[in-house]
A.B. asks: 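Dumping the structure here so I can ask a few things about it.
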Amino acid sequence: IAQMWVLVIIAGIGVVTLLLLLFAPHIRRYAAGAACRTASRLDGKTVLITGANTGIGKETALDLALRGARVIMACRDTEKGEEAAASIRAECPKAQVEVRELDLADTCSIRAFAQKFLREVHQLHILINNAGVMMCPYTKTVDGFEMHMGVNHLGHFLLTYLLVGLLKRSAPARIVVVSSLAHNFGWIRFHDLHSQGSYNSGLAYCQSKLANVLFARELARRLNGTDVTVNSVHPGTVNSDLTRHSTIMTILFSVFSVFLKTPREGAQTSIYCATAEELHSISGKHFSDCSPAFVAPQGRSSETARKLWDVSCEQLGIEWD
């Protein structure tokens, strides 16, 4: 009987494998999602992308450089950043790309970056808050914030605060906040924002991605009438090194890679929100596959968004009215 079950299992695996091989092209087309079709040029425009040395950040940088933008790649690891910039120049010899050091897990680094940026760069038309960490072990930033909340939300909150004046002066301008479908499973735990009482890496990630959605919506409300728009995006489930902290996720992503987006496919919605002419006055929305996307009820709460805004300012020691 045992041998029979072994044969059945082997046969089942064989059938599934055969079906995957047969339907792989169709699965890949579906998994790829929508592509950004806009042909908008960005000549004379300046773009800042965080976490642009790898994954969807690098692909976004490449696309916007091909459109003629000056692209500033803000990276924690400048060596990897320079490698990414070199590969972009190899693909696009005329690319205006430059790398600057930025560690979103350190508010001193963020302030130093912004100070130098404002001294040397006189226009900023597109800010893409792309960098992020996912499901990392419990660790704290230099300032004592839980890593997901510190990097994914508070780091970008502070960076945007420091650069928003330049964005207003450069208007029309756009801010794109990279969030995730994971925001649906997140709740802002105001009583334990930094997971000191209990910690679950998945829930911490979901909370930070919900914070991204709430931040984008509240910032859009506050910037109404300034000609600076803010939208959040879900890039899709992308096969990138973002899962490096989770062995299980890494294995699953490798096994089911045919069902996942490539980084280039995952970058399409960020590119769309940064360039599409039809979005010139659209703000406070959430996008996926280059289309408006569902936002979870907890991501639509104006009260939660305002409370998170106030708490974020308090944690960072800033006043942002």
Side-chain angles (χ1 to χ4, degrees), residues 50 104 127-135 141 145-161 164 167 174-226 228-237 269-270 272-273 279 281-321:
T50 65
L104 288 161
L127 168 63
I128 302 181
N129 290 331
N130 166 82
V133 294
M134 178 180 177
M135 296 180 71
T141 67
F145 305 138
E146 185 276 317
M147 191 61 72
H148 290 94
M149 205 62 180
V151 171
N152 296 355
H153 171 61
L154 290 170
H156 281 122
F157 190 99
L158 178 59
L159 178 68
T160 308
Y161 162 76
V164 73
L167 284 157
R174 301 186 187 195
I175 301 170
V176 179
V177 181
V178 178
S179 179
S180 169
L181 184 71
H183 86 271
N184 284 275
F185 310 103
W187 298 93
I188 304 298
R189 302 170 73 236
F190 288 109
H191 66 286
D192 189 19
L193 201 64
H194 297 293
S195 306
Q196 292 170 303
S198 62
Y199 180 71
N200 176 286
S201 61
L203 292 178
Y205 174 72
C206 292
Q207 177 183 234
S208 71
K209 293 291 102 180
L210 173 60
N212 291 154
V213 170
L214 291 166
F215 170 52
R217 290 170 75 87
E218 178 64 10
L219 180 57
R221 186 184 71 81
R222 290 169 182 259
L223 290 177
N224 185 38
T226 64
V228 179
T229 61
V230 192
N231 292 296
S232 59
V233 306
H234 165 54
T237 307
T269 306
S270 293
Y272 173 73
C273 286
L279 299 185
S281 61
I282 303 298
S283 194
K285 304 300 181 185
H286 184 63
F287 290 84
S288 177
D289 279 327
C290 303
S291 298
F294 174 80
V295 175
Q298 63 268 32
R300 299 195 298 265
S301 169
S302 299
E303 182 184 350
T304 306
R306 283 194 289 269
K307 187 175 179 181
L308 178 63
W309 185 279
D310 292 339
V311 168
S312 300
C313 287
E314 184 183 328
Q315 301 250 312
L316 292 164
I318 60 176
E319 290 185 18
W320 190 357
D321 296 323

A.B. asks: Using only atom types and a distance under 3.5 Å, with no angle test, would you say the side chain of R217 pairs donor to acceptor with the backbone of G299?
C.D. replies: yes

A.B. asks: Looking at every non-hydrogen atom in both residues, tell me the closest pair between N212 and N152 and how far apart they are.
C.D. replies: ND2-O, 2.9 Å

A.B. asks: Ignoring hydrogens and angles, tell me if any N or O in the side chain of T269 forms a donor-acceptor pair with the backbone of C290 under 3.5 Å.
C.D. replies: yes

A.B. asks: Tell me every residue that passes side-chain hydrogen bond (donor to acceptor under 3.5 Å, both in side chains) with H234, counting only those two or more places apart in sequence or in another chain.
C.D. replies: none

A.B. asks: Any non-hydrogen side-chain atom of T141 less than 4.5 Å from a side-chain atom of M147?
C.D. replies: yes

A.B. asks: For the residue pair V178 and S232, establish whether any side-chain heavy-atom pair is separated by less than 4.5 Å.
C.D. replies: no

A.B. asks: What is the distance from atom CG of L127 to atom OG1 of T160, rounded to the nearest 0.5 Å?
C.D. replies: 5.0 Å

A.B. asks: If the condition is salt bridge (charged side-chain N to carboxylate O under 4.0 Å, His left out), which residues does D310 pass it with, not counting sequence neighbours?
C.D. replies: none

A.B. asks: Yes or no on side chain to side chain contact (heavy atoms under 4.5 Å, CB included) for S288 and L181, after CA distance, side-chain angles and deciding distance?
C.D. replies: CA-CA 9 Å; S288 177; L181 184 71; over 6 Å; no

A.B. asks: What distance do S195 atom OG and H148 atom NE2 have between them, rounded to the nearest 0.5 Å?
C.D. replies: 9.0 Å

A.B. asks: Is a side-chain donor-acceptor pair under 3.5 Å present for N130 with S270?
C.D. replies: no

A.B. asks: Test of understanding: with salt bridge (charged side-chain N to carboxylate O under 4.0 Å, His left out), list the residues that count as partners of R306, not counting sequence neighbours.
C.D. replies: none

A.B. asks: How long is the span from the CD1 atom in I175 to the CG atom in L223, to the nearest 0.5 Å?
C.D. replies: 5.5 Å

A.B. asks: Side chains of F145 and L316: does their closest heavy-atom pair fall under 4.5 Å?
C.D. replies: yes

A.B. asks: CG/L104 to CG/N129 distance, rounded to the nearest 0.5 angstrom?
C.D. replies: 8.0 Å

A.B. asks: Within the 4.5 Å heavy-atom criterion, are S312 and L154 side-chain neighbours or not?
C.D. replies: yes

A.B. asks: Would you check if F190 and L308 make a side-chain contact, meaning some heavy-atom pair closer than 4.5 Å?
C.D. replies: yes

A.B. asks: What pair of heavy atoms forms the shortest contact from Y272 to R174, and how long is it?
C.D. replies: O-NH1, 4.3 Å

A.B. asks: The criterion is side-chain hydrogen bond (donor to acceptor under 3.5 Å, both in side chains); which residues satisfy it with R300, sequence neighbours excluded?
C.D. replies: none

A.B. asks: Quick check for you: to the nearest 0.5 Å, what is the distance between H156 atom NE2 and I128 atom CD1?
C.D. replies: 10.5 Å

A.B. asks: Check whether any side-chain heavy atom of L158 lies under 4.5 Å from a side-chain heavy atom of I318, and answer yes or no.
C.D. replies: yes

A.B. asks: Any chance you could lay out the side chain to side chain contact (heavy atoms under 4.5 Å, CB included) test for R189 and S198, step after step, and finish with the verdict?
C.D. replies: CA-CA 11 Å; R189 302 170 73 236; S198 62; 3.4 Å; yes

A.B. asks: Taking all non-hydrogen atoms of both residues into account, name the closest pair between S283 and V230 and its distance.
C.D. replies: OG-N, 2.9 Å

A.B. asks: Does any N or O in the side chain of N200 come within less than 3.5 Å of the main-chain N or O of G202, such that one atom is a donor and the other an acceptor?
C.D. replies: yes

A.B. asks: Is the backbone N or O of I282 less than 3.5 Å from a side-chain atom of N231, with the two atoms forming a donor-acceptor pair by type?
C.D. replies: yes

A.B. asks: Centres of the H286 and H183 rings: under 6.0 Å?
C.D. replies: yes

A.B. asks: Could you tell me which non-hydrogen atom of M149 sits nearest to which non-hydrogen atom of S208, and how far apart they are?
C.D. replies: SD-CA, 4.1 Å

A.B. asks: Would you name the heavy atoms of A216 and V177 that are closest together and state the gap between them?
C.D. replies: CB-CG2, 4.1 Å

A.B. asks: Return the set of residues passing ring-ring contact (aromatic ring centres under 6.0 Å, His included) with W320 (not counting sequence neighbours), or none when no residue passes.
C.D. replies: F157, Y161, W309

A.B. asks: Does a side-chain heavy-atom distance below 4.5 Å link S180 with Y205?
C.D. replies: yes

A.B. asks: Should V311 and Q315 count as side-chain neighbours, where that means a heavy-atom distance under 4.5 Å?
C.D. replies: yes

A.B. asks: Look only at the side chain of Q207 and the backbone of L193, and say whether a donor-acceptor pair between them is shorter than 3.5 Å.
C.D. replies: yes

A.B. asks: Would you compute the distance between atom CD1 of I188 and atom CG of L214 and round it to the nearest 0.5 angstrom?
C.D. replies: 5.5 Å

A.B. asks: Would you call K307 and E303 a salt bridge, using N to O less than 4.0 angstrom?
C.D. replies: no

A.B. asks: Applying salt bridge (charged side-chain N to carboxylate O under 4.0 Å, His left out), can you list everything that pairs with E146, at least two apart in sequence or on another chain?
C.D. replies: none

A.B. asks: What are the two closest non-hydrogen atoms of F287 and P292, and how far apart are they?
C.D. replies: CD2-N, 3.5 Å

A.B. asks: Hey, does the side chain of Q298 reach the backbone of N184 with a donor-acceptor pair shorter than 3.5 angstrom?
C.D. replies: yes

